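Inspection log for the structure reproduced underneath, given as structure tokens.
A, B, ... follow the sequence lines: proteins, then strands. Residue 1 opens every chain. From a predicted model like this one, the values you see are computed outputs, not experimental measurements.
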Amino acid sequence: MTSGTSGTSKTERYTPSAIEPKWQAQWASTGLHDTPDESDRPNFYFLTAFPYPSGDVHVGHWYAYAPADCAARFIRMRGRNVLFPMGFDAFGINAENAAIDRNMHPAAWTEQNMAQMRDQFVRMGAMIDWRREVITCYPEYYRWNQWMFLKFLEKGLAYRATAPVNWCPRDETVLANEQVINGRCERCETLVVKKDLTQWFYKITDYADELLRFDGLDWPERVRVMQQNWIGRSEGAEIQFPVEGQRDAAVRFFTTRPDTIYGATFMVLAPEHPLVATITTPAQKVAVEAYVANAKNESEIDRTSAERPKTGVETGAFAMNVFSGQRIPIWIADYVLATYGTGAIMAVPAHDERDFAFAKQYGLPIKEVISADAGAGAPGSEATEHGPLESAFTGDGIMVRSGPYNGTRSDVGKRTIAAEAKKTGIGKPSVTYRLRDWLVSRQRYWGTPIPVVYCDADGIVPVPESQLPVVLPRDAQFTGRGGSPLAKLPSFVDTTCPTCGKPAKRETDTMDTFVDSSWYMYRYLDTKIDTHFMNVDVGKRWLPVDRYTIGIEHAILHLLYCRFVCKALRDLGYLWFDEPIRHLRNQGTIVFKGRKMSKSRGNVQAPDEYVARYGADTVRLFVMFMGPWTEGNDWDAAGIEGTARFLHRVWTLGLSAPSGGGARDAELDRAVQRTIKKVTEDLEGYHFNTAVAAMMELSTAAFHASGPSRDAAIDALVLLLAPFAPHITEELWQRRGGQGSVHRQTWPAFDPAVARDVAVTIVAQVNGKVRDRLELAAGLSEDALKQAALASPKVAQAIAGLRVERVIVVADRLVNVVTTS
RNA sequence: GGGCGAGUGGCGAAGUCGGUAGACGCGGCAGCCCUAGGAGCUGUUGCUCGUAAGAGCGUGAGGGUUCGAGUCCCUCCUCGCCCACCA
């Protein structure tokens, strides 16, 4: 650093480009950001989501990481040994597609991007402990994906099955349900189609009930609700009705309304239901096959659209509603989904909107069996007939036209009917979830190879642990067309069976990248250990994660998978806690001109020009000052001058000569205390924007003051600002004679005694309208306040000629004189 | 259609155990300073009327509760997110 001043009285200019790289280099060389696993301070694990190495640290990253870094620094200054690691979620289809576009190897593309982003993180001034960097595309990491897969397989938590799955025709791979957004591929927004394929699944549904519980977790309500909706637990019964004339055939269905079973006047199967082929009568065969073929060709979006008219075809077969004794027709219709429940329903048109619409469409009978009228269906009486229903009644009520159950309340009837079904052996109470098992296999190259071998003699053979990792070969061809590049690589595919030693074929699918990120928080603790996925001794010092910050867009996908993997590893005996993350907060999404930023739209905004012009500290401060962090915002750099000016002022203050004595300024002393309180509380609550505003106010107050109180205010400001703007505060701390790094200092304490106001503004109202403002001493009695208000000429004028009915006094705040008209 | 959240100046936003609406910042206006910088400083800036003092009106719309409502209750509108033919 050159000494910029040359004898003149002019203050040296604030030049971020000079001080920021200097401190970044110094922090790196002194290991300021290296966190020991053990120290004299309590450990605190502050995790923030690692990025995809997509190329550039853009404004979305700044919006996520600058505030997270600030919050982590704050906790460190409050006396904790804070672990704040970073890494890269380095596998994934993006790298593969980008590599195809540029004729580059995905590994090279990824390495290049990681190098660039690492550098940008350093220039942001983030307190990252780079010794602990986790990179998921390295064999040292992904071998543990494979190890976990084998453990899951052993336990029955991983399995291979043929199922109708989501297929993205553009990316040429299957997708998990969680990766299909409005019927489109999460990555490329192509319409997803259903295909029957044999794939690998993780049994997340085993944990559905436990995943619904958030006991003891400090998670946003919003995320909990989203996960609960996604899991979609429904209680009801599974019951079967026999198919007429077919000895062993029965249609098994799930219903949440067993109480309406007497109103089931027809049944509906999904077009893909296995019974369709066997029960369809010869007369209906052609129509049914045409309908099934048509359903197969429809997009998922069309099929699941609630708006379009219901369609369906009779199978010609009939079932027996064993409760009502009625013979009811069996239809097929695409509004019944093969993947939910049993893929078949009993249709109760009087009490279900969809069944109602379908019955209207095809003239099927509608039988009311629930009455909203509490007096209806008294035992022995039949419901009175009334005109045709205009819509389904889906509420609870009293069972009518339901044989022995007439007069029963629906909530009771639900249980009674389910119990009766169980007694007669045709059903049982049952719970169904919307959540499907996690489809983890992908037909892509850039991912973790699934460690199994297919042998003609031994079938599916897991690769023995001792042979891990199954290394992803480098020499694959990327065409982007026609299946996984691994499948075309004989050197990879052809192997020998670990059991019998005869020639066998390797699995060529790779794992979903969400598998990689589902456990990365354990790997940061020791990235080198090669005997286990985690260093347990170190883990005991840090886990579970104390705090996690991540974008709200991950509320379901990643955050649900993390919880599942944690619970599965716990049940395998590898983890000792039930939940991986104690405290979660989500930043909102940053958009540009109202639209989400994405590479495919080409509207990704990079703040580099602002970093170059104003410095990282200004950009950090600006993204925090923009608005409430949890709400997100529209990116508009127009206001960045404001935060730049603020730092210029802080700089000027920081370099100004000490007062050398004089009287204290009680008001400024109070302002300092109030600011400490405000910034502390705001950082605890992630209110970065108002914390910055408070510091701006203090800087203005200090600017106009003098004497020792001003010196103290500047000292406090440097400390309070340190987590927000680490470079300028480090420089000022040093120049003002501070010892060590400002980032190793203790957060200033708040003294309520000093903060207390001595004078307050009392608002004098008449009938709720402000008529005067009185500057009075704090703590006056109610009577004194009342007298002071009544003595105000403005108040007197307002109440002239009126009778004072009463006077309301709020201590230190207001007096309201209420008059009669 | 269901659930959750939100509507406040020209703009980003503060304020929600009911008690001074618009903190802080951008932008605007007026001025100061300096041989001039992409610098700094001061004042002003919700709307309407008024030269002014001042008055009236103002937090999506409409009702309600209250001495007092941006804040609580009811009805409605708009936007965002999540789920959505899930039986």
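- Each of A/Thr700 and A/Glu221 was assigned the nucleotide of RNA chain B with the nearest heavy atom; the assignment lying further toward the 5' end belongs to A/Glu221.
- Here the nucleotide nearest the side chain of A/Ile808, chosen from B/A23, B/C67, B/C41, is B/C67.
- As a whole-Å value, the separation of A/Phe358 CZ from B/C85 P is 16 Å.
- The residue A/Thr256 sits close only to the backbone: its heavy atoms come under 4.0 Å of sugar-phosphate atoms, none of a base.
- Glycosidic conformation of B/G62 is anti; the angle lies outside 90° of 0.
- Residue-level contact check: A/Arg806 touches the bases, meaning some heavy atom is under 4.0 Å from a base atom.
- The CG atom of A/Leu621 sits 6.0 Å away from the CZ atom of A/Phe646 when rounded to the nearest 0.5 Å.
- A/Arg771 comes within 4.0 angstrom of the backbone, heavy atoms only, and of no base.
- One can place CG of A/Asn586 at 13 Å from C1' of B/C82, the figure rounded to the nearest angstrom.
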Write out a two-atom table: protein N or O, nucleotide N or O from nucleotides 77-79 of chain B, distance below 3.5 Å.
none

Seminar exercise, completed: Nucleotide by nucleotide, nucleotides 8-16 of chain B touches protein heavy atoms under 4.0 Å in the pattern (B base, S sugar-phosphate only, - none) ----BSS--
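- Within 4.0 Å of A/Val348, counting heavy atoms only, lies no atom of the nucleic acid at all.
- Between B/G40 and A/Arg13, no contact under 4.0 Å exists linking OP1 or OP2 to a side-chain N or O.
- If you run side-chain contact (heavy atoms from CB on, under 4.5 Å) between A/Leu698 and each of A/Thr675, A/Ile714, A/Leu721, only A/Thr675 comes through.
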Give the table of side-chain donor-acceptor pairs shorter than 3.5 Å for residues 802-809 of chain A, with sequence neighbours excluded, one pair per line with atom names and distance.
none

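- Partners of A/Lys296 by salt bridge (Lys or Arg N to Asp or Glu O under 4.0 Å), not counting sequence neighbours: none found.
- Of the residues in residues 226-236 of chain A, those lying under 4.0 Å from RNA chain B by heavy-atom distance are A/Met226, A/Trp230, A/Ser234.
- With sequence neighbours excluded, no residue forms a ring pair (Phe, Tyr, Trp, His ring centres under 6.0 Å) with A/Phe703.
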